[in-house]
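Report on the following structure.
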Amino acid sequence: MKALLIAVSVLLVGCGATSSELNQCAQQNYQCESNCAQRHTENTLGHQICSNECIDDYNSCKAETEALLNKTLN
């Protein structure tokens, strides 16, 4: 029973950290997209490239966070 409680506690802490990290990824993405909108006219190639870079950064951040969660759970 004690081992189960410890495992659940670790899982909850890990999920909380992951949720916080995912929120940080989303906030960084929002800021990146906002910067793109300020620097480039919407629906132009420059805006599309900038936006794609934001998406790539977000996906990388999310993948790193998920990898951290998997490492924590294993």
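Because the structure is a prediction, the values reported are computed rather than measured.
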Worksheet item: What distance separates Asn52 CG from Asp57 CG, expressed to the nearest 0.5 Å?
Response: 11.0 Å
Worksheet item: Just by distance, do the side chain of Ser60 and the backbone of Asp56 share a donor-acceptor pair under 3.5 Å?
Response: no
Practice prompt. Quick one: list whatever passes side chain to side chain donor-acceptor pair (under 3.5 Å) with Glu53, sequence neighbours left out.
Written response: none
What donor-acceptor contacts under 3.5 angstrom involve side-chain atoms of residues 39-49, with partners at least two apart or in another chain?
| residue | atom | partner | partner atom | Å |
| --- | --- | --- | --- | --- |
| Thr44 | OG1 | Thr41 | O | 2.6 |
| Thr44 | OG1 | His47 | N | 3.3 |

Worksheet item: Residues two or more places apart in sequence or in another chain: which of them pass side chain to side chain donor-acceptor pair (under 3.5 Å) with Asn35?
Response: Gln31
Worksheet item: Among all residues two or more places apart in sequence or in another chain, which pass the side-chain contact (heavy atoms from CB on, under 4.5 Å) test with Glu33?
Response: Asn29, Ser51, Cys54, Ile55
Response to the item:
Note: with side-chain heavy atoms under 4.5 Å as the link, the other cluster members for Tyr58 come out as none
